[in-house]
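These notes are about the structure you will find just below.
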Amino acid sequence: MTTSAPRGTRFVPLSYRLYRAAFALAFVLVLMLVGLGSGGYGPVKVLGGPTGTAVAWAEKQMGITAHPAHRPAKRPAKTPVKRAAHRTKGSRP
Amino acid sequence: VTHGSTTAHVVVDIIGGVVGLGVLTALCLLFFSLISVYGGRLSVAGPAPDRGGGQKDPAWPSYLRRQHKLDFAAACRSSIRLYDKAFKRWWAKFPLFIITWPVLACAGIFLSALIAVFYLTQLAVWIVADVSYWLTAGAVRLADTTYAQVRRAQASCPVCYEVMDRPAYKCVGCGALHRDIRAGRLGSVYRACACGRRLPCGVLRAAWQLDAACQRCGARMHRGAAVLRDVRVPVFGEPQAGKTRLIYAGFYDIAGRANAHGWEACFPDESSQARADSGIRQIISGQRTAQTGWPLEPALTCQIGRGTKGALLHAFDAAGDRFRRADGHDELRYFEDGHTLVFVVDPFTVPGLRRVIAAQPRTDLINEYLPAHPRNPDDAYGEVVSRLLSSGTRTREQRLAVVVSRADVLLATGITPPNGSERIRGWLYDNGLHNVVLAAGREFKDVRYFAVASVDGTQAPQPYAPAAPFIWALSTRGFNLLDAPADPVQAAVPVKEPVA
């Protein structure tokens, strides 16, 4: 007996749904693991931050340690402190 | 480009941005494809047969056999189609293509890489799932095979007499026949019928949950066939030797004994129940049993016990005239697959006994049972067994019960049949059936001799119980009627009390 469902049938056996979910989930997990393994933030990096990752990688390859905009802000110069006039000689270290 | 200059940073950031957008685009394309394929309809019809023609049953093959490849191919096709379409969008036209084309070019490279990763992931999951699948299927199959061998379980069609390892099973949803319900390509624990109904895999479970049908003729078979012990008892002998009466009386006696020992006994199909009701009614009322007609009837089946401890006892009856004619014998296929053959001997046709009875003063009883032109039982035995041997039946693997019927009538004429197989054997030997006795011992694996009174078992003179040959046939197949089940049950479907 060779009954066959019409092409593109709506009915999908439960086992097919479960297997499909398993295959898709496995792929997403692999991508997440790749993201984690590359030293980033896993799914955030994979799904949201590839641009930043690529930029950082390219900068590193070209020997540019940091973009001016990425550099930490310089500490403000210390204001010179006037020596107190009343300091006595004996107080110096 | 000078390291550390602002221009270099701008160039690098642009390149990085293009690459990053390409990665994002590739991910989006693949995820859209996966969602549309894996969350949607099937790309190809499911329950169609395999190309090799190995699949006959109208069921969906396991996802791991075929559909996973089709889904993967469909996802790849879908993502490539989306990728192609992207070049035709408005944002891929002049002048934006200066940005979008490099992005799409990067996306194409990453899409290929992602598809490769997806393929490797699929392969790894498929290997793990397939190994688990076949381990499970192997365990289910092993359980089926081991059970069938240990319990000697087979299925026999009561209509066409075909004997098979497993029957076909009907889907409870659409009625389609599944001819090979074993665990395999269509499922390891369950299978999905073409109509979508979930069916159990393996004979051990299907036998109780699905309606069985004959593989050859499609006739309905008994619930539990191929799991219950199957005991097949063909009965033969001269016309009016008492074959049919022996079957009814014997089965009625067996049902009574089974119930007394805590077994559930019933006639599991309508045909058997109707014929048993009629036949037992004649036994109870003391009427003579009507002569069996030429057309073959389905086997008379009695089920004793239920579940895996039960047994199906089939008795095959045919008109005595069939054993005299070659054309009548051709249809008696059940002899080849019978476990214990029952040869019924009318004591009034045994030469030595006939002479003794004929010498007595004539009474109504003697006139009724003493045939005017008797035929030696030797002839019937010789005709049946020679045809069996010539057809290639291995009678050395079968057992034979030689049953002297009408012990009650013999007692009434003053002749007391002996008790015990060896004594009956000697008694028949001395009275002219030496050919049968000698040939039977040579041609069959085991031969037992019985003398029975085919009357109501409760009134049968001891030790001439009509159930004796059938109880022996059951015991040779490992079913001992006297071994009550551990948890005795009251008969849920009791043998119908005959109407007086």
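Atoms OH and OH, from B/Tyr133 and A/Tyr19 in turn, are 7.0 Å apart once rounded to the nearest 0.5 Å. Distance OG/A/Ser15 to CH2/B/Trp60: 9.5 Å, rounded to 0.5 Å.
In terms of heavy atoms, A/Phe23 sits closest to B/Trp126 at CE2-N, 4.0 Å. Across all non-hydrogen atoms, the minimal contact from A/Arg20 to B/Tyr38 is CD-O, 3.4 Å.
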> Step by step, would you call B/Phe31 with A/Leu31 a side chain to side chain contact (heavy atoms under 4.5 Å, CB included)?
Replying inline: CA-CA 12 Å; B/Phe31 279 139; A/Leu31 288 185; 3.8 Å; yes

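The neighbour count for B/Arg141 CZ, taken as heavy atoms of other residues, nucleotides or ligands under 6.0 Å away, is above 12. Other residues, nucleotides and ligands place no more than 12 heavy atoms under 6.0 Å from the CZ atom of B/Arg220.
With a threshold of 4.5 angstrom between heavy atoms, B/Leu30 approaches chain A through side-chain atoms but not through N, CA, C or O.
Contact tally against chain A (heavy-atom pairs below 4.5 Å) for B/Leu114, B/Leu64, B/Leu120: the top residue is B/Leu64.
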